[in-house]
K.L.:
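Before I ask anything, here is the structure I am working with.
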2 protein chains.
Amino acid sequence: MTNNFELYKVFYWAGKTGSLTQAAKALYLTQPSVSHAIKQLEDSFGLTLFYRNSKGVSLTQEGAILYSYIEKSQILISIAEEKMAALKNLSSGELRIGGSDSLFKHYLLPFLEDYHAKHPGIKLHLNHGTTPETISFLKEGRIDIGVVRMPIVDDQLEVMKGIQLQDCFVAGSRYAELKGVVMSMELLLEYPIILFSRNSRVRMAITELFQSYGYEIKPEIEVGSVDLLIEFARKGLGISYVTREFVSKELEEGSLFEIQLDVNMPPSQVGFMIMRNMPLSSAATKFIELIK
Amino acid sequence: MTNNFELYKVFYWAGKTGSLTQAAKALYLTQPSVSHAIKQLEDSFGLTLFYRNSKGVSLTQEGAILYSYIEKSQILISIAEEKMAALKNLSSGELRIGGSDSLFKHYLLPFLEDYHAKHPGIKLHLNHGTTPETISFLKEGRIDIGVVRMPIVDDQLEVMKGIQLQDCFVAGSRYAELKGVVMSMELLLEYPIILFSRNSRVRMAITELFQSYGYEIKPEIEVGSVDLLIEFARKGLGISYVTREFVSKELEEGSLFEIQLDVNMPPSQVGFMIMRNMPLSSAATKFIELIK
DNA sequence: GTTGGTCATAGACGTGGTCTATAGCTCCTG
DNA sequence: CAGGAGCTATAGACCACGTCTATGACCAAC
C-alpha cells in the first residue's frame, strides 16, 4: 500500500488544527476537498482516523498513532524546505575551493573577504594542493572550484581566465650590486637560485623557458612555499623566482628588488576550473560571478 | 513555498536508487514522469539536485542535504503505513474495556482468552469501575467498550444485549435447614442478608424489588466484591444475593445452595455499551463480533 | 560502428483532485 | 422552539496536471 503523499499533508493539517475547514484554509483548498482527501486515506487503510462532531474533528486511537508519525515526517519536510530556501539565497551552504596557498593568500583573499562579508552563512573550505591534486579533487567532487595556473588542458574541465601574473627573479640587499643591471640568463645562473619545489606549475614553466634558450636551471635551494621563497631571498641565501604580484610589498619597501633580465619572462595566467556540464552550487556560482 | 509532497516521494527514490529509471520502476511510473518530477522540484527550489550522467544520477551538494531530510521523512511514512496495516489486521493495537471485575471474571474471561489467542498483538486494558464510572470513561474516550448490567438509558450510547443472568439468594451449610424450603420475602428478611455495596446496579435492583412488595431489605453485611459475597455465604455469615451464574461452581459442589423464594426474581441482562455515532477501533469491532 | 544504457523533451491524453452547490447534523441564541 | 451559524458529507461537473508514448541526445562498452 502506497498512498499519494499529498493526502498526508492534508491529514497532518486536519489533525493539527482539529478541523477540516481550518485545514482547508491552511492548504488553500475547499472543505469538501479536505473531507474527500481524509476519506480516501481512511478507505486506503480501512480504518477510521477521525471522529467527526459538530465542532470539528478529533483523532481516533488509530488516527492518533498515524498522526504521531506523520507529524514528524511533515516537520522534517518543512525544515528541508527552509533549508533549501536558505541554500538558494546563500544564507546557508558551503563553498569549497582548491588551489595553492599562495594564490589563496595573495590573489583570492580580497574576494574571499568580500564574499564572506556578503554571505556570512556560507562556510568556506580552502583545500590546498598542487595543480594535479586540485584537478583530482574537482573530479572527485571534493571541491567546487579550483584555482591554478594556466594552461590547463582537460576537456572534462571548464577553465576561465583570472588575473594575469608576472613571475620574476628577486634578490635581497646581499646582492645589491645587481640592482639596475640587465642580466643575461648565463650570468644569472652563476648565482645561487631558489626555486619552488619540482612538481609545481611555475617551476615547470621556468625550467622549460631556460631549456628553450639552451640553458639548464638548477636551483641551489628548493622550497615548498612562496613565503620561504621570499624569506630566503631577503636573507640573501640566493635569488628567488617568484610572482611579482606576491612580493609587491617587499619590492615597495625595498627589502627585495627585481632582477632585470635580457629576455622577456612570459606572463602566467591564473585560471578557475569547474567541472564541465556539472551544475554548480548556488554558493559557487555566486563566487565566480564575484571574481569575473 | 509548499510543494506537492508527491514530488518528494519521487525524489527519495531517485536519490535512493541513483537512477531515474530505477525510481520509475519502483514507483510504477515511466522514466519521463520521474524526470519531469525532479525537474519540477529543482525549479521550485531554484537549485540543481542531481548530477546527470550516462549511468544514472547522483546527488549534488544541495540535493544531498535535501535527501538527508526527505529520507527520514519517507522512512517515517513507511513505518506509519506498516503500523496502519498492523492495526487493520489486528496484529497490533489495543482494546480497552470498562466494567465490573465480576463481569470480567465470570462472563468476559473466556471471550478475552479467545480474543487474545487470536490476536496476541492486541494489548488488553480492563478498566474496572461502577456503571456510572464506566459510562464516564466511555464518554471521555478512555475505554472502547463498557460492559454493565442493563438497563442503560443514555441516548449518547448504543447498547447491545449480552448474556442474561439470574440473581438469587444463596446460603452455606450453616443454613442447611432452608434447603428445599420455599421461603417468603418476609421470612427471608429474618435472616442476616449480605449484599453488594450500595452504589451497584444489582443492589439497586433488589432494593426496588423488595420495595415493590412493601418490604425493605436491609443487609447485615455490605461487601465490595462478588468474591466476598460468596465467601461470606460459605462461611455462614448470612444469606448472599449473588448472580447464579457466578456461583455455579459452588452450587455444583454443594458448598452453597440456592434459596427458593415464593416470588420470581427478575432476570438481569448484561449489556455492551459503545458510543453512538462514534467509529470503533478495529480491535473493538472484532471483539464485539466475537461476543455476538 | 553498433548496441544498450542513461536522461531530456514534446505533445497528446484522460484521470483524479478540486470546485460549487447543497444537505444533514449539532449547538447556541433570542 | 425557530432560526442561525458552525461543522462535515455528498453529488456531480470540470479542467488542470500528472502521466503516457514517441523520440532525441548523449555516453560507454563491445
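Each chain gets a letter, A, B and so on, in the order its sequence line appears, and its residues count up from 1. Note: hydrogens, waters and symmetry copies are ignored here, and every other heavy atom, side chains too, is used. On a predicted model such as this, the values are computed, not experimentally measured, just so you know.
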K.L.:
Could you tell me whether B:Val34 contacts a base, only the sugar-phosphate backbone, or nothing, with contacts defined as non-hydrogen atoms closer than 4.0 Å?
P.N.:
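Result for B:Val34 = nothing.
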K.L.:
Between atom CD in A:Gln31 and atom P in D:dA11, what is the gap in whole Å?
P.N.:
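From A:Gln31 CD to D:dA11 P: 14 Å.
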K.L.:
When the distance from NZ of A:Lys55 to P of C:dG24 is rounded to whole Å, what number comes out?
P.N.:
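Whole-Å distance recorded here is 23 Å.
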K.L.:
Using a heavy-atom distance cut-off of less than 4.0 Å, which residues of residues 14-26 of chain A contact DNA chain D?
P.N.:
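Residues of residues 14-26 of chain A under 4.0 Å from DNA chain D: A:Ser19, A:Leu20, A:Thr21.
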K.L.:
Under 3.5 Å, which protein N or O atoms sit close to an N or O of nucleotides 13-18 of chain C? Give each pair with its distance.
P.N.:
from	atom 1	to	atom 2	distance (Å)
C:dG17	OP2	A:Gln40	NE2	3.4

K.L.:
If the condition is side chain to side chain donor-acceptor pair (under 3.5 Å), which residues does B:Ser268 pass it with, not counting sequence neighbours?
P.N.:
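Testing B:Ser268 for side chain to side chain donor-acceptor pair (under 3.5 Å), a comparison that skips the adjacent residues, returns B:Arg149.
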K.L.:
Rounded off to whole Å, could you give me the CE-to-P distance for the B:Met278 and C:dC25 pair?
P.N.:
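For the pair B:Met278 CE and C:dC25 P, the rounded distance is 16 Å.
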K.L.:
Within the structure, does a side-chain N or O atom of B:Arg52 lie under 4.0 Å from either OP1 or OP2 of C:dA8?
P.N.:
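The answer is yes; a side-chain N or O of B:Arg52 sits under 4.0 Å from OP1 or OP2.
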K.L.:
Could you give me the CA-CA distance, side-chain angles and deciding distance for A:Arg276 and A:Asp154, then say whether side-chain contact (heavy atoms from CB on, under 4.5 Å) is met?
P.N.:
CA-CA 10 Å; A:Arg276 186 179 297 283; A:Asp154 190 319; over 6 Å; no
K.L.:
With rounding to the nearest 0.5 angstrom, report the CG to CG distance, B:Leu126 to B:Asp101.
P.N.:
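Answer rounded to 0.5 Å: 8.5 Å.
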K.L.:
How many angstroms lie between OG in B:Ser44 and CG in B:Leu7, if you round to the nearest 0.5 Å?
P.N.:
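Here the rounded value is 7.5 Å.
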K.L.:
side-chain contact (heavy atoms from CB on, under 4.5 Å) between A:Ile75 and A:Lys72: does it pass, once the steps are laid out?
P.N.:
CA-CA 5 Å; A:Ile75 288 174; A:Lys72 292 197 194 80; 5.8 Å; no
K.L.:
I'd like a table of atom pairs between the protein and nucleotides 24-26 of chain D - only N or O on both sides, under 3.5 Å - with the distance next to each one.
P.N.:
none

K.L.:
Decide yes or no on side-chain contact (heavy atoms from CB on, under 4.5 Å) for A:Ile145 and A:Leu95, but give the supporting numbers first.
P.N.:
CA-CA 8 Å; A:Ile145 303 175; A:Leu95 173 62; 4.1 Å; yes
K.L.:
Could you check how far CG of B:Leu7 sits from C1' of D:dC17, rounded to whole Å?
P.N.:
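Nearest whole value for this atom pair: 11 Å.
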K.L.:
Using the salt bridge (charged side-chain N to carboxylate O under 4.0 Å, His left out) criterion, which residues pair with B:Glu71? Sequence neighbours excluded.
P.N.:
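So B:Glu71 forms no salt bridge (charged side-chain N to carboxylate O under 4.0 Å, His left out) with any residue.
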K.L.:
Got a salt bridge between A:Lys39 and A:Glu42, using NZ or NE/NH1/NH2 to carboxylate O under 4.0 Å?
P.N.:
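The answer is no: the pair does not qualify as a salt bridge.
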K.L.:
What side-chain hydrogen bond (donor to acceptor under 3.5 Å, both in side chains) pairs are there with at least one residue in residues 55-64 of chain A, not counting sequence neighbours?
P.N.:
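Checked against side-chain hydrogen bond (donor to acceptor under 3.5 Å, both in side chains) - neighbours excluded - the pairs reaching residues 55-64 of chain A are A:Gln61-B:Asp144.
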K.L.:
Would you check if there is a donor-acceptor pair between the side chains of B:Thr17 and B:Ser19 at a distance under 3.5 Å?
P.N.:
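B:Thr17 and B:Ser19 do not have a side-chain donor-acceptor pair below 3.5 Å.
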K.L.:
Expressed in angstrom and rounded to an integer, what is the separation of B:Tyr51 atom OH from C:dC7 atom P?
P.N.:
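In whole Å, C:dC7 P lies 17 Å from B:Tyr51 OH.
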K.L.:
A:Lys39 NZ to D:dA9 C1': how many Å, rounded?
P.N.:
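Interatomic distance, NZ of A:Lys39 to C1' of D:dA9: 9 Å.
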K.L.:
Give a yes or no on this: more than 12 heavy atoms of other residues, nucleotides or ligands lie within 6.0 Å of atom NE2 of A:His125.
P.N.:
yes
K.L.:
Taking only side-chain nitrogens and oxygens of A:Ser35, does any of them come within less than 4.0 Å of OP1 or OP2 of D:dT8?
P.N.:
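Checking D:dT8 against A:Ser35, no side-chain N or O comes under 4.0 Å of OP1 or OP2.
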